[in-house]
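Everything quoted here is computed from the prediction, not taken from an experiment.
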Amino acid sequence: MKNSLALTICRVALLWAAAITVLFPVLWIALASVKTPQQLNDPFLLSFTPVLDSWRTVLSSDILGAAGRSALVALVTVGTSVVVGSMGAYAIARFRAGGTATRFGMLAAQVLPPAVLVFPFLTMAYALRLNDTVVPVIFAHLSFVLPVVTWFLIGFFEAVPRSLEEQAQVDGFTRFQAFRMVVLPQVYPGIGAAAIFGFTLSWNDLFYGLILAPGKAAILPVAIAGFNTFRGVQIGSMSAAILIAVVPVVVASFFIQRRLVQGISGGAVKF
């Protein structure tokens, strides 16, 4: 009984420590977003009258437009990655397409520095007169989101019994119909987890957006970085903008948290 009680206390303490570690920075940023510039000079000030000057400054800027562009880039990137990546992962899992080298070589974009990959995208953007638009940013994000999504889904397709497809084909389904109507529903948790992971990667990217679309088509991380001016960092406005950036990922994770947990735990077991 004593060991059980001690174990329970340790678990609760670890959970509280994890919660504080995760929530403390968010709370700190939230407080900074409702302080005056004078109050920001005292970061440990907890008793103050909240003001919304920073929020007015942020909302009157193009931050919401930048958030919309980031959402567009992330949704197109994730949608394309899920469609193409699921078919690629199925081919690798079922037919060993490309062998082991393909399975691990697809992650080369994660190994190479972004500075190596951004120059070709920038050159093509200027050649096609698409510089300072979201189009090259989408293609740049696909270069690292698509391989990760594909690699993530391979284990889930490997876990689907071949007998399900064979039975569907015996019943008259084509291979593609069996893939779409029988196999895909079995890997929905993995697809949900991969989609959230890919969305987060795209939503948080600063480097490609800063190089490929630094002006009128700036995405949200670039717009947030713009609060670091020659006069110094506008901490209050930047904090408000950071909260705007955090909300979509938190909301999306909340609505599919069940599939997200199933997907991550399932992938860990399969790999």
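Scanning all heavy atoms of the two residues, the minimum distance from Ala195 to Val82 falls at CB-CG2, 4.2 Å. The shortest non-hydrogen separation linking Arg94 to Val160 is NH2-O, 2.6 Å. Taking all atoms of both residues into account, the shortest heavy-atom contact from Val182 to Ala168 is CG2-CB, 3.8 Å. What you find for Val34 and Gln39 is that their closest heavy atoms are O-OE1, 4.4 Å. Taking both residues in full, the closest heavy atoms of Pro147 and Leu142 are given as CD-O, 3.5 Å, listed atom of the first, atom of the second, then distance. Asp205 and Pro221 get closest at one heavy-atom pair: O-CG, 3.2 Å.
Of the residues Ser237, Ser239, Ser33, the one that meets the side chain to side chain contact (heavy atoms under 4.5 Å, CB included) test with Trp55 is Ser33.
Grouped by direct or indirect side-chain proximity (heavy atoms under 4.5 Å, Ile/Leu/Val/Met/Phe/Trp/Tyr only), Val12 sits with Trp16.
Taken to the nearest 0.5 Å, the CE atom of Met87 stands 10.0 Å off from the OG1 atom of Thr150. Here CZ of Arg11 is found 9.5 Å from CG of Leu15. Values are rounded to the nearest 0.5 Å. Here the CZ atom belonging to Phe152 is positioned 11.0 Å from the CD1 atom belonging to Ile191, to the nearest 0.5 angstrom. Here OG1 of Thr57 is found 10.5 Å from CG of Leu52. Values are rounded to the nearest 0.5 Å. Atom CE of Met238 sits about 8.5 Å away from atom CD1 of Ile235, to the nearest 0.5 Å. Atom-to-atom distance recorded for Thr229:OG1 and Gln234:CD is 5.0 Å, nearest 0.5 angstrom.
Heavy atoms of other residues, nucleotides or ligands lying less than 6.0 angstrom from CZ of Phe139 number 12 at most.
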Could you walk me through whether Leu206 and Val222 satisfy the side chain to side chain contact (heavy atoms under 4.5 Å, CB included) test, starting with their C-alpha distance in whole Å, then the side-chain angles of each, then the deciding distance to 0.1 Å, before giving a yes or no? CA-CA 6 Å; Leu206 170 65; Val222 178; 3.9 Å; yes
Checking Asn204 against Leu201 for the side chain to side chain contact (heavy atoms under 4.5 Å, CB included) test, could you report, in this order, the C-alpha distance in whole Å, the side-chain angles of both residues, the deciding distance, and whether it holds? CA-CA 6 Å; Asn204 291 334; Leu201 287 176; over 6 Å; no
Determine, stepwise, if the pair Leu220 / Arg69 fulfils side chain to side chain contact (heavy atoms under 4.5 Å, CB included). CA-CA 7 Å; Leu220 187 56; Arg69 289 188 290 272; over 6 Å; no
Working for side chain to side chain contact (heavy atoms under 4.5 Å, CB included), residues Leu31 and Phe48: CA-CA 10 Å; Leu31 291 175; Phe48 61 92; 4.1 Å; yes
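Hydrophobic clustering, with ILVMFWY side chains joined whenever heavy atoms are under 4.5 angstrom apart, groups Leu130 together with Met124. Both Val145 and Val83 belong to a single network of hydrophobic side chains, linked directly or stepwise wherever heavy atoms of I, L, V, M, F, W or Y lie under 4.5 Å apart. Hydrophobic cluster membership differs between Leu243 and Val51, with clusters built from Ile, Leu, Val, Met, Phe, Trp and Tyr side chains linked at under 4.5 angstrom. Met181 and Tyr188 fall within a single hydrophobic cluster, where Ile, Leu, Val, Met, Phe, Trp and Tyr side chains are chained together by heavy-atom contacts under 4.5 Å. Phe173 and Val170 sit in two unconnected hydrophobic clusters of ILVMFWY residues. Membership requires side-chain heavy atoms under 4.5 Å apart, directly or through other members.
Using a 4.5 Å heavy-atom cutoff, the side chains of Phe227 and Val58 are in contact. With contacts defined as side-chain heavy-atom distances shorter than 4.5 Å, the pair Val183/Leu164 does not qualify. Between Ile196 and Val249, the closest side-chain pair of non-hydrogen atoms is not below 4.5 Å. At least one side-chain heavy atom of Tyr208 sits less than 4.5 Å from a side-chain heavy atom of Leu117. Looking at heavy atoms from C-beta onward, Phe157 lies in side-chain contact with Leu184 at the 4.5 angstrom threshold. Counting heavy atoms from C-beta on, the side chains of Leu122 and Ile211 come closer than 4.5 Å.
Within the structure, side-chain hydrogen bond (donor to acceptor under 3.5 Å, both in side chains) contacts touching residues 119-140 (residues at least two apart or in different chains) do not occur.
Between the side chain of Trp203 and the main chain of Ala245, a donor-acceptor pair closer than 3.5 Å is present. Side-chain atoms of Ser81 come within 3.5 Å of backbone atoms of Thr77 as a donor-acceptor pair (strictly under, hydrogens ignored). The closest donor-acceptor contact from the side chain of Arg175 to the backbone of Gln169 lies at 3.5 Å or more, if one exists at all.
Between Phe24 and Trp28, the ring planes are tilted. Angles from 30° to 60° get that label. The aromatic rings of Phe179 and Tyr90 are tilted relative to each other, their planes meeting at an angle between 30° and 60°.
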